[in-house]
Amino acid sequence: MKSAISGTRISANASLTKILAVWSSIGALWEEGILDLDQPLGSFWQEVAGHPLGAVTARQLLTHTAGVPLRAQLKNLYGTNPDDIRRGVLHEPLHRSPGEAVEYIDRAALILGYLAEYLSGHPLDQLATARTWCPLGMTSTRFGPLPAEIADRCAPTELDQDTDTHLKGTAHDFSARLLGGACGIAGVFTILDDLAAFLRYMLDGSKSRTSAGFTTAWTACSLTIQTGGLQPARGLFWHPAPGTLVEEDVWVHYGFTGTGMWVSPARGRWAVLLTNKLYYTRDRAPLTDVRNTFRALAFV
């Protein structure tokens, strides 16, 4: 398999957490027959039964068509107690009707993380470690905050106004920090070699010496348009890479700190870009150009 790689230090992977922890864990539960993607959550999850979220399905959360609120703002809405936050997120009104529109929503991953914990009986970090990271030999992948000796190897992200220092070894995402560093939205730290192992397994798990909780069946399902005529087109958490045609079969997931993972089963190729744009700016334009150029070079 051909690959394109960039980056060597430990990286705070922001929204790549959604793939490395949530997507993989939900896939394992689906493969085991524990989760039906199209069954309304309220029909088997008592915690959301009778609330607006009860009418939503896991597939709608994975395709960002669930209609849940767009922004996290957890502290402003629910305070700082994790139990209060969980209760608030699972019982809140919907932003719009499920299936009405595609809107990228952080809360979708937070809810799916809670769901994975409920169905498995284990915290998300333990579930991802046991079902995915350990089997694939991803020994440097973990949720933060990281111990000092490991944090020293991390690239710093944004300036923390409270301490006047750049965050390093601690999740950049405020919701993740509020929830102790581990949640479905963000918080995972990893290195390039671990991401390579993950993406190689996605492309052809049959060649792996060990098996993760999900298989190529979950990958194939996820890297297929699941949103019908709605735009932008989405698979399950993954989406077609900007600047490519659906027929080119190049899929991507980005992270807010600047990271990105691309995979193309049709080409047997993957690519990873680990950047640190938040050290400098929140401006999206320069990084968008870098990502698109990198993708074009990686998938010539």
Side-chain angles (χ1 to χ4, degrees), residues 1-27 62-64 104 106 108-109 112 128 132-133 136-138 140-143 155 157 172-173 184-205 208 212 214 216 218-224 232-244 248-278 284 287-288 290-300:
M1 299 173 194
K2 295 182 179 180
S3 63
I5 57 179
S6 177
T8 55
R9 301 182 72 184
I10 292 176
S11 174
N13 280 280
S15 287
L16 294 195
T17 297
K18 297 176 175 67
I19 297 296
L20 298 176
V22 178
W23 175 83
S24 62
S25 295
I26 289 292
L62 287 160
T63 55
H64 295 287
Y104 182 85
D106 272 345
L112 285 168
T132 303
W133 303 341
L136 296 183
M138 298 168 63
S140 294
T141 302
R142 67 190 73 188
F143 277 98
T157 55
H172 168 268
D173 183 271
I185 294 176
V188 169
F189 291 81
T190 192
I191 62 171
L192 179 59
D193 287 351
D194 283 11
L195 293 177
F198 185 90
L199 292 168
R200 287 179 182 131
Y201 180 81
M202 279 187 64
L203 285 175
D204 192 355
S208 176
F214 71 93
T216 51
W218 179 241
T219 298
C221 178
S222 300
L223 305 186
T224 305
R234 288 269 176 183
L236 302 181
F237 265 14
W238 296 84
H239 63 90
T244 68
E248 295 181 75
D249 193 39
V250 181
W251 298 79
V252 68
H253 201 288
Y254 297 129
F256 185 69
T257 52
T259 52
M261 295 193 300
W262 294 257
V263 63
S264 174
R267 301 185 185 203
R269 184 175 296 188
W270 56 268
V272 170
L273 179 65
L274 301 181
T275 73
N276 188 28
K277 66 115 175 179
L278 284 176
R284 293 186 179 185
L287 181 62
T288 297
V290 169
R291 281 170 164 168
N292 289 340
T293 300
F294 177 76
R295 186 267 311 154
L297 292 170
F299 293 92
V300 174

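Note that the structure is predicted; figures quoted are calculated from it, not measured.
Two residues are said to be in side-chain contact when any heavy atoms from C-beta on lie closer than 4.5 Å; W262 and T244 fail this criterion. The shortest distance between side-chain heavy atoms of K18 and I185 falls below 4.5 Å. For the pair V290 and L273, the minimum side-chain heavy-atom distance is below 4.5 Å. Annotation: side chain of W270 is in contact with side chain of L203 (closest heavy-atom distance under 4.5 Å). Taking the side chain as every heavy atom from C-beta outward, W218 and I26 approach each other to under 4.5 Å. Between T17 and F143 the shortest side-chain heavy-atom distance falls below 4.5 Å. Taking the side chain as every heavy atom from C-beta outward, H239 and V252 approach each other to under 4.5 Å. You'll find the side chain of F237 reaches within 4.5 Å of the side chain of I19, heavy atoms only.
Looking at T259, its side chain never comes within 3.5 Å of a backbone N or O of L274 through a donor-acceptor pair. A donor-acceptor pair under 3.5 Å is formed between the side chain of Y201 and the backbone N or O of A212. A distance-only check finds no donor-acceptor pair linking the side chain of D173 to the backbone of A186 [under 3.5 Å]. Between the W251 side chain and the P265 main chain, no donor and acceptor come within less than 3.5 Å of each other. Remark: side-chain polar atoms of T141 are not paired, donor with acceptor, to backbone N or O of T190 under 3.5 angstrom. Proximity of a side-chain donor or acceptor of R295 to a complementary backbone N or O of P242 within less than 3.5 Å is detected.
Minimum heavy-atom separation, L236 to C221: CD1-SG, 3.7 Å. Of all heavy-atom pairs between A21 and S25, the closest is O-OG, 2.6 Å. Here the shortest heavy-atom pairing between A109 and G184 reads CB-O, 3.4 Å.
A cation-pi arrangement is present between R291 and Y254 under the rule of less than 6.0 angstrom and at most 45 degrees off the ring axis.
Atom CZ of residue F294 and atom CG of residue L287 lie 11.5 Å apart, to the nearest 0.5 angstrom. The line from OG1 of T216 to CG of D204 is 7.5 Å long, rounded to the nearest 0.5 Å. One finds the CZ atom of R234 at 7.0 Å from the OH atom of Y104 (value rounded to the nearest 0.5 Å). Between L62 atom CG and L112 atom CG the span is 5.0 Å, to the nearest 0.5 Å. Summarising the geometry, atom NE2 belonging to H253 is positioned 7.5 Å from atom CG belonging to L16; distances are rounded to the nearest 0.5 Å.
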With side chain to side chain contact (heavy atoms under 4.5 Å, CB included) as the test, would you mind laying out the steps for F256 and H172 before giving the verdict? CA-CA 9 Å; F256 185 69; H172 168 268; 3.7 Å; yes

Please test L195 against L20 for side chain to side chain contact (heavy atoms under 4.5 Å, CB included), starting from the C-alpha separation and ending with a verdict. CA-CA 9 Å; L195 293 177; L20 298 176; 3.7 Å; yes

Could you walk me through whether S140 and D193 pass side chain to side chain contact (heavy atoms under 4.5 Å, CB included), step by step? CA-CA 9 Å; S140 294; D193 287 351; over 6 Å; no

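Aromatic ring orientation, F198 versus F214: tilted (interplanar angle from 30° to 60°). In this structure, W23 and W238 have perpendicular ring planes: the angle between them is above 60°, well past the 30° mark.
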